Amino acid sequence: MTKVSELRELGMDNGGFVETESAVAVGMDPKALSRMALRGRLTRELQGIYRFPEIPVDETTEYRLALLWAGPEAAIDSESVLVALDLCDVNPRELHVAVPPGVRVRRKGKDHYRLHKARFDVEYHRGLPMVSVHQAIGRALEQGLRHDLARQAIHNATRWDLIPDSEARHLRQQFNLEGARR
């Protein structure tokens, strides 16, 4: 197996994305990624992040790129969790990503990423690390999510067994969602 084939295998496991570290892991010179991009074998997405264009895009592709941008401790956050899990009809302008306090994101990012530094619990959905559904709804409310959308998200999360009834009650009480029309 060639180094490029090994790199492609790594990319297939990550939605087509490879990083400079991926090249080093298979024994390639990291500068080879730039050369491959110049020849059209890779697409440069962000600083140090490339994608094999022949690997199909799916509903997780944009989230995977944001997670790679933010680093290995990152998780999808806030309204972006609600969209990814189809919990409510929210349409955020930015893709929300959380990292623990003290983690520094060194890459230049896209304008539509919103980075949050906070402590959070991680759950995996569709193979992606996400802030727990309970925390994601609460954080979205703290950031201004409309109450009708929050009620919809809580209802769906409870119905689909993503949060227990006790957490749903806690969210409704904490954010005064009982009958509120905002």
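The model shown is predicted, which means the values in this text are computed figures rather than measured ones. Side-chain atoms are counted along with the backbone in the values below, which use heavy atoms only and exclude waters and symmetry mates.
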K3 side chain to V26 main-chain N or O, any donor-acceptor pair under 3.5 Å?
no
Between D77 and V97 (side chain of the first, backbone of the second, donor and acceptor by atom type, cut-off under 3.5 Å), is there such a pair?
no
Could you give the distance from CZ (F17) to CG (L67), rounded to the nearest 0.5 Å?
10.0 Å
Supply the atom-to-atom distance L82 CG to L145 CG, rounded to the nearest 0.5 angstrom.
6.5 Å
Short question: side chain of D148, backbone of R151 - any donor-acceptor pair under 3.5 Å?
no
With sequence neighbours left out, write down each residue that passes side-chain hydrogen bond (donor to acceptor under 3.5 Å, both in side chains) with T158, or none if nothing qualifies.
none
Around R41, counting heavy atoms of other residues, nucleotides and ligands shown, do more than 12 lie under 6.0 Å from its CZ?
no
Of all the heavy-atom pairs spanning V4 and M36, show the shortest one and how long it is.
CG1-CE, 4.0 Å
Ion pair present between E59 and R126, side-chain N to carboxylate O less than 4.0 angstrom?
no
Are D29 and K31 within salt-bridge range, i.e. N to O under 4.0 Å?
no
Any sub-3.5 Å donor-acceptor pair from E73's side-chain atoms to P100's backbone N or O?
no
Kindly compute the distance separating CZ (R104) from CG (L115), expressed to the nearest 0.5 Å.
12.5 Å
Does any donor atom in the side chain of Y50 or S34 lie under 3.5 Å from an acceptor atom in the other side chain?
yes
Would you confirm whether K117, through its side chain, and V103, through its main-chain N or O, come within 3.5 Å as a donor-acceptor pair?
yes
Short side-chain donor-acceptor distance under 3.5 Å, S132 and E123:
no
Measuring from L85:CG to N156:CG, what's the distance to the nearest 0.5 Å?
10.5 Å
Same cluster or not: are L65 and F52 linked, directly or through other Ile, Leu, Val, Met, Phe, Trp or Tyr residues, by side-chain heavy atoms under 4.5 angstrom apart?
no
State whether the number of non-hydrogen atoms from other residues, nucleotides or ligands found under 6.0 Å of E94 atom CD is greater than 12.
yes
Identify the residue among H116, R114, Q143 that makes a side-chain hydrogen bond (donor to acceptor under 3.5 Å, both in side chains) with S78.
Q143
Under 4.5 Å between side-chain heavy atoms, hopping through other hydrophobics if needed: is there a path connecting L128 to V57?
no
Does the side-chain hydrogen bond (donor to acceptor under 3.5 Å, both in side chains) test come out yes or no for E62 and H112, once each step is laid out?
CA-CA 11 Å; E62 187 175 4; H112 67 278; 3.3 Å; yes
